[in-house]
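Small disclaimer: the values here were computed from a predicted structure and weren't measured.
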Amino acid sequence: MSLIHRLWHFKRAVLDGYAAKSYSQEGEDMVLRRVFDDRRSGFYVDVGAHHPKRFSNTYYFYRRGWRGLNIDAMPGSMRLFRRLRPRDINVEQAIGPDRRELTFYVFNEPAMNTLDPELASSREIGPFKVVREEKLTTRPLAEVLAEHVREGQRIDFLSVDVEGLDLVVLQSNDWSRFRPTFLLVECIGFDAANPAQNPTVQYLESLGYGMFAKTVQTVIFRDRTSS
């Protein structure tokens with residue numbers, strides 16, 4: 001075996017082994033890496049995708065050969081996605097319970113952007129501030145999935161991080177038609193001592209999803225009905 005081939009195999013071993021790089025904010029992708037055992041293909045949906053790499057729960061999997069659907073409300077956000085993640089479906093769209101116009105609060109730190117006026121107000125502290133407001137029309141998640149996910153496509157995981165309206169996004173899905181195996185949901189104010197009191201946990205439990213893992217702000221759920 002030539003030196004070049006030996007170096008290539010060494011590089012692959014490092015990338016596939018202990019030196020795997022996390023792109024998530026709290027290591028959520030590494031939890032899923034363990035779950036999916038480094039599968040080379042799969043399909044994800046990322047609502048509140050934010051950035052192709054930064055704080056991304058899906059970019060690690062994209063690099064592994066996966067593909068999926070990225071959705072973000074920020075106007076202009078998908079230009080970078082289309083350049084850096086051309087294999088994905090990249091959609092600029094605010095998600096809500098129905099079609100309605102809402103105010104989108106854009107912060108000087110894009111990870112804090114939100115459609116929730118109360119959360120936006122509470123976050124204007126220290127160096128963080130709203131720099132502008134945009135009027136956006138929301139659509140239900142089920143409607144967007146029906147438009148962009150082919151019939152019969154299995155969704156391995158759905159990541160929802162929309163800064164305050166995560167439960168609203170979940171409630172706008174058609175769970176009989178689109179049922180991911182795993183869910184990653186930001187749960188602001190989650191009380192680990194009393195998880196059953198959390199509205200998101202209650203809602204997903206009613207749909208047959210149970211808590212599987214937890215990071216600082218994200219709760220990972222698994223479909224109990226899947227094999």
ask   = So does E118 have more than 12 non-hydrogen atoms from other groups sitting under 6.0 Å from CD?
value = no
ask   = Where do D29 and F61 come nearest, in terms of heavy atoms and distance?
value = O-CZ, 3.7 Å
task = Indicate yes or no: at least one non-hydrogen side-chain atom of L115 is less than 4.5 angstrom from one of V162.
result = no
task = Please answer: with hydrophobic residues joined when any side-chain heavy atoms are less than 4.5 Å apart, are I71 and V169 in the same cluster?
result = yes
message = Do L136 and E101 make a side-chain contact, defined as non-hydrogen atoms from C-beta onward lying under 4.5 Å apart?
response = no
inquiry  = Same cluster or not: M30 versus L183, using hydrophobic residues (I, L, V, M, F, W, Y) connected whenever any side-chain heavy atoms lie under 4.5 Å apart?
reply    = no
query = Taking all atoms of both residues into account, what is the closest heavy-atom pair of S22 and G27, and its distance?
reply = OG-CA, 3.6 Å
inquiry  = Check R54 with E109, please: is the shortest side-chain N to carboxylate O separation under 4.0 Å?
reply    = yes
query = What pair of heavy atoms forms the shortest contact from K21 to Y60, and how long is it?
reply = O-CD1, 3.6 Å
key: Rounded distance [0.5 Å steps], NE2 in H50 versus CE in M112   = 11.5 Å
request  = For E143 and R99, run side-chain contact (heavy atoms from CB on, under 4.5 Å): C-alpha distance rounded to whole Å, both residues' side-chain angles, the deciding distance at 0.1 Å, then the answer.
outcome  = CA-CA 10 Å; E143 190 176 296; R99 289 177 178 258; 2.5 Å; yes
Return all side-chain donor-acceptor pairs below 3.5 angstrom for residues 80-87, not counting sequence neighbours, or 'none' if the list is empty.
residue	atom	partner	partner atom	Å
R85	NE	D88	OD2	3.0
R85	NH1	P52	O	2.8
R85	NH1	S56	OG	3.4
R85	NH1	T58	OG1	3.3
R85	NH2	Y44	OH	3.0
R85	NH2	T58	OG1	2.8
R85	NH2	D88	OD2	3.0
R87	NE	W66	O	3.3
R87	NH2	Y62	O	2.5
R87	NH2	W66	O	2.8

query = To the nearest 0.5 Å, how far apart are CZ in R222 and CG in L204?
reply = 15.5 Å
key: Joint hydrophobic cluster, F43 plus F36, side-chain heavy atoms closer than 4.5 Å   = no
query = Does Q93 reach the main-chain N or O of P140 with its side chain, forming a donor-acceptor pair under 3.5 Å?
reply = no
inquiry  = Determine whether a donor-acceptor pair (N or O, by modelled atom type, separation under 3.5 Å) exists between the side chain of S159 and the backbone of N57.
reply    = no
query = Is there a side-chain contact between R224 and E205, using heavy atoms and a 4.5 Å cut-off?
reply = yes
task = Please report the closest heavy-atom contact between P180 and L158, naming both atoms and the distance.
result = CG-CB, 3.6 Å
inquiry  = So Q217 and F190, do their side chains get closer than 4.5 Å, heavy atoms only?
reply    = no
ask   = Applying the ring pair (Phe, Tyr, Trp, His ring centres under 6.0 Å) test to Y209, which of W175, F182, Y203, F221 qualifies?
value = W175
inquiry  = If you apply the rule side-chain contact (heavy atoms from CB on, under 4.5 Å), what do you find for V47 with D161, and how did you get there?
reply    = CA-CA 6 Å; V47 183; D161 184 353; over 6 Å; no
Close side-chain approach of F157 to I220, heavy-atom, < 4.5 Å = no
ask   = Is there a side-chain contact between I155 and T181, using heavy atoms and a 4.5 Å cut-off?
value = no
ask   = Does D37 pair with R39 as a salt bridge, N-O distance under 4.0 Å?
value = no
key: Straight-line distance of F107 CZ to E163 CD, nearest 0.5 Å   = 9.0 Å
ask   = Going through the checks in order, is the side-chain contact (heavy atoms from CB on, under 4.5 Å) test met by E151 and R177?
value = CA-CA 9 Å; E151 192 71 32; R177 185 175 179 185; 3.1 Å; yes
inquiry  = Is it the case that the side chain of T218 and the backbone of V185 share a donor-acceptor pair, with hydrogens and angles ignored and the cut-off at 3.5 Å?
reply    = no
For residues 192-201, which side-chain N or O atoms pair as donor and acceptor with protein atoms under 3.5 Å away, sequence neighbours left out?
residue	atom	partner	partner atom	Å
N194	ND2	D191	OD2	3.0
N198	OD1	T200	N	2.9
N198	OD1	V201	N	3.2

request  = Spell out, yes or no, whether L145 and L207 are grouped together once hydrophobic residues are joined by side-chain heavy atoms under 4.5 Å, including indirect joins.
outcome  = yes
inquiry  = If I compare all heavy atoms of T138 with all of G96, which pair ends up nearest, and what's the gap?
reply    = CB-N, 3.6 Å
inquiry  = Between N173 (side chain only) and L141 (backbone N and O only), is there a donor and an acceptor less than 3.5 Å apart?
reply    = no
key: Same apolar cluster: F178 and I95, side chain cutoff 4.5 Å   = yes
query = Under 3.5 Å, is there a donor-acceptor pair between the side chain of E124 and the main chain of V130?
reply = yes
Presence of salt bridge, K214 and E26, under 4.0 angstrom = no
query = Where do T225 and R179 come nearest, in terms of heavy atoms and distance?
reply = OG1-NE, 3.4 Å
message = Within the 4.5 Å heavy-atom criterion, are D72 and E92 side-chain neighbours or not?
response = no
query = Atom CG of L165 and atom CG of L170: how far apart are they, to the nearest 0.5 Å?
reply = 11.0 Å
ask   = Is T137 close to R100 at the side-chain level, that is, under 4.5 Å between some pair of heavy atoms?
value = no
task = Apply side-chain contact (heavy atoms from CB on, under 4.5 Å) to V160 and L184, showing your working.
result = CA-CA 6 Å; V160 179; L184 288 73; over 6 Å; no
key: Interatomic distance, R150 atom CZ to I89 atom CD1 [nearest 0.5 angstrom]   = 9.5 Å
ask   = Could you walk me through whether D116 and T114 pass the side-chain hydrogen bond (donor to acceptor under 3.5 Å, both in side chains) check?
value = CA-CA 5 Å; D116 186 336; T114 181; 5.3 Å; no
Separation of H148 NE2 from N70 CG (nearest 0.5 Å) = 11.5 Å
